[in-house]
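Working notes, structure below.
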Amino acid sequence: MEQLRSGLLRVVSLVKREAIIDRAAVKRILRELERELLKADVAPQTVLELSRRVEERTLGESIPPGFSRRELLLKNLYEELVNMLGGEARHELKPRKGSVVMLVGLQGSGKTTTAAKLALYFRRKYGYKVGLVCADNYRPGAYEQLEQLAEAVGAEFYGRKGADPVAVAVEGVRELRGRGVDLVIIDTAGRHKEERALLEEVRDMAAKLRPDEVVLVLDATVGKAAGPQAEAFHKAVPVGSIILTKMDGAARGGGALAAVARTGARIAFIGTGEKLDELEPFDPPSFVSRLLGMGDLKTLVERIRAARTPVAPEALLSGRFTLLEFREQLEQLARLGPLRKVLELVPLGFQLTPELEKAGSENLRKWIAIMDSMTREELTRPEIIDRSRMVRIARGSGTSVKDVRELLEAYRRAQKLLRQLARSRRVRLGS
Ligand SMILES: Nc1nc2c(ncn2[C@@H]2O[C@H](COP(=O)(O)OP(=O)(O)O)[C@@H](O)[C@H]2O)c(=O)[nH]1
Ligand SMILES: [Mg+2]
């Protein structure tokens, strides 16, 4: 994934460097984006659709107040990449106690390794006692491989060499349940190069075993070919979730993810290495944030969305808005630091007061210092702050009475605007 990541980072830096984000610049940037996605083996049609949508949206959508077209472009890029990889909702694989999970997939895709990774994951996450069944009697050493892995991850193991895989799977479930196992994971064979025979065998086992969940394990290094593979398995068995392995170092991993997401299949995990804890729940938003090298991009997106639909959090609208709440908001603003300048992030209530919107980080620190010199009573009941208290507060915080006044003024304005907002909402809600 490193290659795709560095490619996308380059695109993001282009977005930041272009002097003006006009039609020509957007097109230039999107050509680069297309190149990077094609290199990652994303299907050309998918690439073109994505780039067209980002272009249309960035040039066509109105820019919310306080933001720039540059930020709109970043946001659309982020959102369309998330869409390409399956959308915002995360598909979690959460087997209930007592369930049976069956792993299917081609030979070498990483089923056996993944079975052990899942056992470790569910043991750690839910405290489950997990049992692993070796239903692969074709591959020499399959039994020993899984037996050792089971030991390594603290799972129970069942297998019987030379026996019919379906029979072993059925026996395994019974036996392991007898040993008090909460979750049984069946590792199957995928020996066939000939896909038809494999699919039939998988279908037969699923019919007899009736697992609670069929998990398809796919090798991400095949790139967009993962899409048709996913479809073929889907037709044969009711695949519930997909795990894409070998995402580490797979230059074509992006293409694999996109192709699988396009089939409508749900990707639950990605395998990111040979070690047993190298398994990650797959969540498109955080995955894309990482690809774009911006953990904060999600914040930007949420901010822009919030600016479009200015709805204040209930807590601020319904509760009392004292200097305590005000300080909390200022701290939030200060915490964003220089990022706030780049992205022009402004917390709620603050986009409403021009002096705060423009406040530099020095001002913010000053205001926070002023409030730190107030008593708790003053913070919760600002109306008691008279001239003599102001003098004391100014001295205590190394500021002037004028600064204290300014802060109180800004607070009152924010409070008033929040009240108006609350009132207009009540009217709209008809209560
Ligand atoms: N780099 C990397 N290698 C993996 C990953 N998952 C599995 N492998 C390797 O892929 C090879 C085949 O794995 P195996 O579990 O035996 O595949 P199976 O034939 O489907 O059971 C082994 O060498 C594994 O170590 C992964 O996420 N990353
Ligand atoms: Mg295997």
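Counting starts at 1 for both ligands and their atoms, in listed order.
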- line: If you scan protein heavy atoms around atom 26 (C) of ligand 1, the nearest is Gly273 O, 3.1 Å
task: Among all protein heavy atoms, pick out the one at the shortest distance from atom 22 (C) of ligand 1; state its residue, atom name and that distance to 0.1 Å.
output: Thr113 OG1, 4.4 Å
message: Could you check whether Asp212 pairs with Arg96 (Lys NZ or Arg NE/NH1/NH2 to Asp/Glu carboxylate O, under 4.0 Å)?
response: yes
Under a 4.0 angstrom heavy-atom cut-off, which atoms of ligand 1 come close to [X]?
X      : value
Thr272 : 27 (O)
Lys117 : 26 (C), 27 (O)
Leu106 : 20 (O)
Gly271 : 27 (O)

Any N/O of [X] closer than 3.5 Å to an N/O of ligand 1?
X      : answer
Thr114 : no
Gln107 : no
Glu278 : no
Thr245 : no
Lys246 : yes

query: Under 4.0 Å from ligand 1, counting heavy atoms only, is it the side chain of Met247, its backbone, both or neither?
result: neither
query: Are Tyr143 and Tyr158 close enough that their ring centres sit under 6.0 Å apart?
result: no
